[in-house]
Each structure stands twice: as structure tokens, then as C-alpha cells.
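Since the model is a prediction, treat every value here as computed from it, not as a measurement. The chains referred to below are lettered A, B, ... by the order of the sequence lines, with proteins before strands, and numbering in each begins at 1. For the numbers below, each heavy atom of this structure counts, side chains included, while hydrogens, waters and symmetry mates do not.
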Amino acid sequence: MRARRLYPDPSAPLAAGGLALPVAGGPRLDVDPGCTRCPLSRAARNPCVPAEGEPGGVVLVGEHPGKAEDAARRPFVGGSGKYLRELVARWWKGPVVLENAVKCFAAATAPEHVAACRPFLAATLDEAKPSRIVALGAAAWLSLTGRSTAPLTQRRAFCWHGDVPVFLTVNPAAAQRNRFVARDFEEDLEWALTAAPPFPSPRDLEWREVETEADALRAAAELRAAPWVSVDAETSGQQWTPGFRVASVAACSPSGDPCWVWGKEQIDDARVRAPLALLLGDPAVGKVGANIKSDLSFLGERIGPVRNVHGDVRLWRKLESPEASGYLEDIAELVGMGGHKDEMMAGVTLAEEAFRRRTRGGGKAQMSLVADGAPRPVHEPEDLAEQLKSGAEMKKFSYALVHRDLLLRYNARDAVAAAWAARLLGPRVRARDGLDRVWTRVVRPMSEALAGMEAVGVPVSVDAIDVFDAHLSTKMTDVRRRLDQYGKEFNPDSPKQVRELLFDKLKLRPPEDTETPSGLQSTAEEVLEELKGHHSAPKDILDWRALAKLKGTYCDGMRPHLRPDAAGLPRIHPSILPDGARTGRCSCVEPNLQNIPRTSTDEGKMARNIFAARPGWVMVHCDFAQLEYRIAAMLSGDPEMRAILDKGIDFHTGTAMVIAPYLWHVTYTDPGQVAKAHRDDAKTINFALLYGQGDGSTARKLHTSLAEAERVRLAVLGKFRLLAQWINRTTRESKLSGFSRTWWDGAPARWRPIYSLGDPDEGRRADGERRAVNSPIQGTAADFLNASIALVSDWIRDNAAPAELCLAIHDALLLHVREDAVEEVAWNVRRLMLSHPSSGIPLDVDVEVGRAWGSLSKIKLAA
DNA sequence: CGATCACGG
DNA sequence: ACGCCGTGATCG
């Protein structure tokens, strides 16, 4: 067993617990009116505004002098300066030094200005000998740490300047512009001036390399005694492919000290691996990780099943602060361990360069990746060069190439940062009203189910891809021939060239109010659609775009993701991200299977038919009918909405019946009479209400006048009185509190801050109001599906049902089911999806079955 | 790397 | 001016 420090060189730049700045021995640099280190000094009236105050207390570092500071040649004398001085006086009685990251007047700070000014800040710190430092905003943090950050969402981040804690807040100028930011800033500044850091400096922590079976037994015995264990793994290669490896596994107790690390050789050795496998599988020992869902599947496959997931710092962070980053490197800033990834990434860059050099030189060149050790990569995939040639990403393999010590130490820092973050975030999630219920009842069960879902993947037919490909290629050749008349070089994928062709060369008149935010004439579908009557070019361009999108994203885009399953047949394993959307919805990447075209066109059908059942099996699609409207009815308690739902009428049809006399001057007495076009328009209006769409936009979509759109909106809201009240009340409450809430089982659940509600700009405030209304609806609906994922997954496992849960798409589940079990599985999936508490509002689930996802037909199930 | 476009719910 | 939440391809 080798024991080493987590931070062997505390003076190394950018190391957590170390020093980012040169602090001693330099000349006095805190002021230089003749400074030419960056161009800012030329624009400033008084270059190099000096620091001000007395040493021995707190140093507050702002971003840069403003107009008032430039004129007075003193820091913090303008509006926000006075605001800051008053607040500081409230909470700090000792000496204060006021300084800026950039010492010349600037409209905005650029990283190069910060870099040029860093020696001045270093000199100030050297002289001020502070007991604490406050970084007032991103520029100050950048100067002090070398790292970028988002102060608004990275609340209460801190780090260490030697033994001196550095606390992050937003810039006081930002606080002055927004009352919700001000509220946070004042809380955080009080914390920064009065609190002790929640964790000590991590630089004396130790990591131990597990080398022998005896080491492994000792590590496991020590870890088993802990209340829970933080586990983190590093990998190399592409998951679901043969070259995929677990490169190392680190585990530590909540204290983080020591952190035990198994390298690849130890994982490959069954005797050294066994104690770790027993520990991971022990249901009596809780496991904590960062995005532990991704670790569950490969640890399960390569080491052994992981039981008892106690916490996930990424998901906890996203519950506690949905707008903040969920990356461990950012979460690490909350425990004073930020920057732990920088050293590793520097090693990765060196390793990748070394690999490229060596590959070019025929494999002869040496690898020398860090100065202090023998060049010893973790392992190198034998066929890496080949894999890279066939399109694999270097990034996914780079951890296999770095120096072994570097990787293992990084892995240890990850596990320790996760352990400490869990100690910070676990209590926060438990303390905040509602979050604990979402975590225990929805998110944790879902997260474990998602690991299984990703492992299953979606069955794919390569023949169907080829058929789709041939179909698209033929059509595209045809369209290209038509486009050639505008020039062989004409590129319809370039908005610039399309603009030039349509509006300069062909002199088509753009419709009114269709400029993009940057002031250019838009070439979006809507615009081209309008121009179709005047010339053939817009139509050709639209056709080309549609086909190119389909081919690039939904046809060719699927091929790189094909992986053979146990039977040798192709599947696609997308990543489902449980924290993908700020509302609580899952997102889906690599590839995104949540935006495959729908089946209303031939191309859509072909795109979805790529996902096809195996012989003897079928695809089963179960989707909540109009879930968001039902949620809106639930949240508002609206009796009219409920009446439509209670009657079992399609909700949009019901709405059409309500508004028909106003909009089309007809009166429907029976849902069966409602014209499809009227149902579609009602759907448009329902969407408009839930999303806060403006009347102008609704009018355009309904091809009617602004006045008419307003009349219809008011008519619907006049009928759905409680919904109208709920919208008003929700907006009002969010404007008071600055956040929105979702609901679960009759009580507030998720929490989302909406800072734009406090913005001075009216347009941004309106954005905030729309979010305040939409978030509770979208987020509450999301948890109905999230909870369904967990229930269905557990049911399949507990009943050993011949079924696979393949995909979750916002309000729907896609399953792969053995033909003879369809009735039973579908009936139970539907039953489980309908089992969530909905305050008496009836839910409905449509079930469709077919050989492939694009060829489904609805089935009726016993009640 | 931001902007634009296009696909889904 | 006026639609919420996403991912991905492509351009400049």
C-alpha cells in the first residue's frame, strides 16, 4: 500500500488548496499609473486605481473601477461601492482593504485584462495579510483562482489562498440591478464576512493505492465501518463497446481521509477486486457518488452490482439548485476543492500530444507525461489508432493515456469532493421543504431505473436505416438538381447564402417583423413558407432543409451509435439524463431519441421504424393523454376543466366546444361533431395559455386577427375561471418569492429560482412570468413520468416479465415486449402510470403496439 | 463558440 | 418583441 498526499505540491498553480498567485518576493506593484500591461490604461482617466484600506483584516476584491471610481481614483465610491461599504460595515468591524481584479476603468472585463492585472492583486494580498478574502464576482474569482465561475448559481463557493479562505459572491453592481440577486448577495456577503468555511483545507488529505489483496481487505473493512461510502470510477473508451475499461475506482468515508484507490491492474485481479465488489454489493453500506447512475451499469458489469444508493451529489445539487452546474468540478467549489480537474486536464493534453507524436513516429517515441514520475500510462488500448481513424473520439480514451499516478490521484480527489459535497448537500435537500420527498419517492428510484434502461437500449433494424437512407438520397438528388439553377455552388444550408439569393438576387420582399434577434433577415421555415407563392426557390430550399435534417440527424446520425447486443443484434444505448431540464424533465443524448420525427409523414414513419422489435417481440408505446392540461386542472382545481376530463372527452375537443361560438360562430352539442381543424385550433390556444404566449403570436398561428386571438383567450379564461385565477396567483407569488414550485402528492415539491422576475428589463421580467406559470406545470407533469419509470422498471424486474423498458419521452414510455405478454405488460404499465396521486383529476394513458415504433396501432385494454 | 435552424414533448 | 423545456447539425 502506498500512501500519498492528495495535494503533493501546495504551491502548484491552480491546485485546490494551493495558491493561484505569486504572493511573495515581488516588487511593490499595487499601483502603477504608467502601467501598459493591457490596453485599458489608455482609455481610463486615472489608470491603476489603487487599493484602499488597512491591512490585517478582510480583503474585498471587486471586478473593475466604474465611472465614479475612475473619476475619483478611489475604489468603491460609486452607487454600488456605497452599497457595499454599508453592508460590510454591518457585518465586519475589523480592518478592510478594497481592491479590484482589474485596476483600470472598463466597460467589461476580459480574461486578458484580469491576467495582466494579477500581479497587482498579488502584491495587495502580500501586503494586506488578510484573514479572509471575498471575491465579489467572476473576474475577482478568476484573478484569485485562475478559474471561471458563475457566481449567481455557484452560491457559497469558497477556496483557499494558503490558509486564508476566499469566499465568492456576485458583484454588488449585479445585486443592485435585481432584487432577487440583492437578497442572495446580502445573505452571502454576511456569510463571507462572518462564517468559517464549512470544510478545512483539503491539502493534508491522504490517498492510498490498493496494491495487494491485503490492502483491499483492509480498505473494505475500514470503509464498511463508515455510515456511507463515496464511490467514483474513471473509465476509458466508449461504453457498450469492447474497448471500454474501468481505469480506476476510488472509495472513501464521509471524512474523505484516507481515500482508497484501485487501479486497473487491481480491478483486473479477481482477488484484489473481490473485497471492493463485496463492499459495493453490501446493502448495509450506503453509496454516494456524482451522477452515480452512469457508474451503476459499468461497475455492475465489470465489478459487481451496486446496492443501496444513499446519495448522488449531482442530482442533489440539481434539486437544491436547478440552475447551477451539476458537474462535479463545479460542485467541488462548494467544499473548497475547486480546480481539482485542471491538473488532470493538463495531463490529458500532454498525453494526447504524446500519443499523436508516437503514433506518427511509428510507436517509438517515449511518453513523458508528468515531470515527477516514470512515464507509465494506465493502459493503452491496442487498437486505439484504428478506433480513432474510424471516428471514435480521442476524448473518451484520454484517461487511459495519462500517467497512472495522475489518474489515480484525480480519481481520489473526485471521490473526496463527492463525499464532502454529500455532507453539504444531503442536509440541504433534507431541510428544504418538499425536496426530500422528490428525492426519495421520485428521483432516486428513477435514477436507478435509468441505469437499467440505458443498459437495455433500444432495438434497431439496420435494414430500416438503409431503406430510409435510399429513400432520402433519391429525393435529395432530385431537389439538388432543382437547386442547381441558382448556381452549382449554392449552399442551401447556409442562412447567409439563402438570404443573398432570396432578398438580393431574386429581390423577394421579406415579410414584416421577421428579423432575427441580431437584426438579420430571418430565413426560418415560417418566412420561406410565406414566400413560396412568389417563387419556386423558397420551396426548393425548404425541401432540401427538411431532407438534409432527416438524413444527417435521424438516418446517418444513428449509425455511429449502433452496438451489438448479447445476441449480436444492433441496439442503441442513449444516455438519459435525469437532470437534463431545469423543470425536472429528463433529456436524452448520444443520440437524442426524444426528438425523432413523428409519424404524420412518410419520412417520420421511416425514421421511427428504425426502432424495431425482434422476431416474436413488439414495441409498446404508452403515453399520458394531455398530461399537462390535466396537471393544470389539478393545480388550479378548475371545475370546468375537470368536467371535461370527468366526461372522458378529449381535452382539446372539449375546449373547442367551449370556444366554438366565439371563434367560428358554431355551437357543438356533441364531441363527435367537432371538426378536426377546430380541435387543432383549440390545442393551439391551450398551448398558448400554458406557455403564456402573446396574442399576436396566437393570431398568426390561427390565421386570424390580434383582436380575435385576444377575444378567444379571454373567452377560454372566462370559462376556466379557476385556471385564470391560478395563473394570476402563481405569477404574483413567484414575483414575491423569486421562485416557482412544482407539486407532488398534494404538496410543494421541486424548487426553481427565476431571477429574471427581478430584472429591470420589462421583457426579461415577462420571460420570468411565463416561466413562473409554465415551470410548475411542466415540472409536475415530468415527475408523473419520472415516477412511472421507476414503478415500471421495478415491476418488470419483480415479475421477471418478458419486457424491456427502452425509452422515456417526457410523457411516454417505450417498451420492447414479448408478443405473448403484451396484454399483461401493457395493462400493468398503464395501471402503474395511472397510480400516481392526482387530487381526483382523472389521468389517461393511450397504449399503442406494433412491430416498429413508426408502425403502431392503438389497442384497447381491459379496465 | 454563438447564432440559426429543425426536430420532439 | 412577445412560447416553455430540450439536442444536434451546420455555418461563419
Side-chain angles (χ1 to χ4, degrees), chain A residues 322 491-499 512-528 541-542 544-558 560-561 574-577 579-601 603-604 607-608 623-629 632 683-701 706 709-710 740 742 752 754 761-779 781-782 785 807-812 853:
Chain A
N491 179 0
D493 293 323
S494 162
K496 186 165 163 269
Q497 290 190 35
V498 170
R499 252 190 304 273
E512 302 216 350
D513 299 329
T514 53
E515 283 171 7
T516 63
S518 52
L520 293 167
Q521 179 53 55
S522 167
T523 63
E525 182 189 347
E526 210 181 67
V527 175
L528 272 62
I541 293 165
L542 281 173
W544 175 267
R545 273 192 193 159
L547 293 168
K549 168 74 176 177
L550 288 166
K551 185 157 159 60
T553 306
Y554 303 113
C555 182
D556 300 345
M558 294 300 144
H561 295 287
S575 290
I576 314 277
L577 312 181
D579 56 350
R582 288 178 276 223
T583 49
R585 274 188 180 180
C586 293
S587 68
C588 178
V589 296
E590 293 183 5
N592 182 3
L593 298 189
Q594 289 179 330
N595 70 344
I596 307 298
R598 31 158 109 99
T599 51
S600 46
T601 62
E603 280 81 14
R608 288 206 173 202
D623 75 301
F624 282 112
Q626 302 119 10
L627 181 58
E628 293 199 349
Y629 302 98
K683 191 175 175 181
T684 301
I685 291 160
N686 282 332
F687 267 105
L689 288 177
L690 264 49
Y691 299 159
Q693 184 176 267
D695 291 332
S697 181
T698 310
R700 237 182 320 155
K701 286 195 172 121
L706 188 97
E710 186 188 8
S740 74
T742 67
R752 180 186 176 190
I754 306 179
D761 181 79
E762 197 186 319
R764 294 209 191 127
R765 277 205 308 281
D767 279 349
E769 290 179 20
R770 288 193 289 271
R771 284 183 185 147
V773 172
N774 182 250
S775 267
I777 298 171
Q778 188 181 116
L785 192 79
L807 216 53
I809 315 125
H810 308 313
D811 64 355
W853 195 13

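- Of the side-chain N and O atoms in A:Arg771, one or more sit less than 4.0 angstrom from OP1 or OP2 of C:dC5.
- Listed nucleotides: B:dG9, C:dC5, C:dT7. Nearest to the side chain of A:His810: B:dG9.
- Listed nucleotides B:dC7, C:dT7, B:dG8 differ in distance to A:Arg598; the shortest reach to its side chain belongs to B:dG8.
- The phosphate of B:dC5 has neither OP1 nor OP2 within less than 4.0 Å of any side-chain N or O from A:Arg499.
- Within 4.0 Å (heavy atoms only), A:Ala581 reaches sugar-phosphate atoms of the nucleic acid but no base atom.
- When the P atom is compared between C:dA1 and B:dA6, the two are found 23 Å apart, to the nearest whole Å.
- Here A:Arg585 does not reach the OP1 or OP2 of B:dG8: none of its side-chain N or O atoms lies under 4.0 Å away.
- The neighbour count for A:Arg764 CZ, taken as heavy atoms of other residues, nucleotides or ligands under 6.0 Å away, does not exceed 12.
- Within 4.0 Å of A:Lys701, counting heavy atoms only, lies at least one base atom of the nucleic acid.
- The side chain of A:Asp493 lies closest to C:dT10 when the candidates are C:dG8, B:dG8, C:dT10.
- Checking B:dG8, C:dC4, B:dA6 against the side-chain heavy atoms of A:Arg770 singles out C:dC4 as nearest.
- For C:dC2, the base has no donor-acceptor partner in the side chain of A:Gln693 [N/O atoms by modelled type, under 3.5 angstrom].
- Nucleic acid contact class of A:Arg764 (heavy atoms, under 4.0 Å, all strands): none.
- At a threshold of 4.0 angstrom between heavy atoms, the contacts of A:Glu628 with the nucleic acid are absent.
- Taking atom CD1 of A:Ile576 as the reference point, atom C1' of C:dT7 lies 12 Å away to the nearest angstrom.
- Straight-line distance from the CD atom of A:Glu710 to the C1' atom of C:dC2: 14 Å, rounded to whole Å.
- Between A:Asn595 atom CG and B:dC5 atom P the separation is 18 Å, expressed in whole Å.
- Atom P of nucleotide C:dG8 and atom NZ of A:Lys549 are separated by 10 Å, given to the nearest angstrom.
- Picking from C:dC5, C:dA9, B:dG8 the nucleotide with the shortest atom distance to the side chain of A:Pro597 gives B:dG8.
- Across all strands shown, A:Gly763 has heavy atoms under 4.0 Å from base atoms, whether or not it also approaches the sugar-phosphate.
- Applying the 4.0 Å criterion to OP1 and OP2 of C:dG3, one finds that A:Ser697 has a side-chain N or O inside that range.
- Listed nucleotides: B:dG8, C:dT7, B:dA6. Nearest to the side chain of A:Ser587: C:dT7.
- Note on A:Asn491: a side-chain N or O is less than 4.0 Å away from OP1 or OP2 of C:dC11.
- For the OP1/OP2 pair of C:dC5 and a distance below 4.0 Å, the side-chain nitrogens and oxygens of A:Arg582 include no atom meeting the criterion.
- Counting only heavy atoms from C-beta on, A:Ala546 has its side chain closest to B:dC7 among C:dG8, B:dG9, B:dC7.
- Contact of the A:His810 side chain with the A:Leu785 side chain is not registered, since no non-hydrogen atoms from C-beta on lie closer than 4.5 Å.
- In this structure, A:Cys588 reaches the sugar-phosphate backbone alone: every heavy-atom distance under 4.0 Å involves primed, P, OP1 or OP2 atoms, never a base.
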